[in-house]
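Residue numbering restarts at 1 for every chain, and letters A, B, ... go by the order of the sequence lines. Owing to the predicted nature of the structure, the values given are computational and were not obtained by experimental measurement. Note that these values count all heavy atoms, side chains included, but never hydrogens, waters or copies made by symmetry.
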Amino acid sequence: AAGIGLLVGMNCPKAVKPRDVITGISGRSQILFLVTYVARYLDLLTNFVSVYNTAMKVFFIAASAATVYLMLFKFKATYDHNHDTLRVEFLIAPCALLALVVNHDFTPLEILWTFSIYLESVAILPQLFMVSKTGEAETITSHYLFALGSYRALYILNWIYRYYFDNFFDLIAIVAGVVQTVLYCDFFYLYITKVLKGKKIVLPA
Amino acid sequence: SPTTEGKDEL
């Protein structure tokens, strides 16, 4: 929530003058996250867990939709098309196919949930690809990525806890969550060794 | 297995 809130805040027209909108954020990743949250939270309408659960689902969808709108429509001029080029079809298609093959239950909601779990684990790839192409990440982008990466990494601790105390585990969520966290690891290394020391992330050319 | 009803995670 902090990461997504940061992004909306930094892209919000009230908060920053249009020219200050942070560059270096991948619009493609933001679209993938929006698709992820919509596909996963369709049960908002059918399955009430708690106020917190519903509130966070609404926040995730609303904030990522706002970010996509601000980046790709309102501040389209500042969006860096040239460096945000990873083909998302090559991420969406395999996730969709895998969701049809490996899932807990062959029902529309379950398939969409599974697709969303697989998609989230690779949704950051366009962003990491863009950082490698631009060769650097703005500090605020680094904070955003760190928050986004640690969100799923912390879930791994929760899954371990629930395995030992509730004897509950969801293998699909765990495998995808581990893959997702591993994808962030090289970024975590850069974040901790550089950004926290006040430096910017500049990747070797 | 935690199908749709049992999902309580984000």
query: Does atom OH of Tyr164(A) have more than 12 heavy-atom neighbours from other groups under 6.0 Å away?
result: no
- prompt: Are side-chain heavy atoms of Arg162(A) and Asp8(B) found at a separation under 4.5 Å?
  reply: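 The answer is yes; the side chains approach within 4.5 Å.
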Quick one: what part of [X] sits under 4.5 Å from any heavy atom of chain B, side chain, backbone, both or neither?
{"X": "Tyr151(A)", "value": "side chain"}
{"X": "Asn103(A)", "value": "neither"}
{"X": "Tyr52(A)", "value": "side chain"}

query: Is the closest basic N to carboxylate O distance between Glu9(B) and Arg40(A) below 4.0 Å?
result: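 No, this pair does not count.
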task: Indicate the atoms forming the closest heavy-atom contact of Lys7(B) with Asp43(A), along with that distance.
output: CB-OD2, 4.5 Å
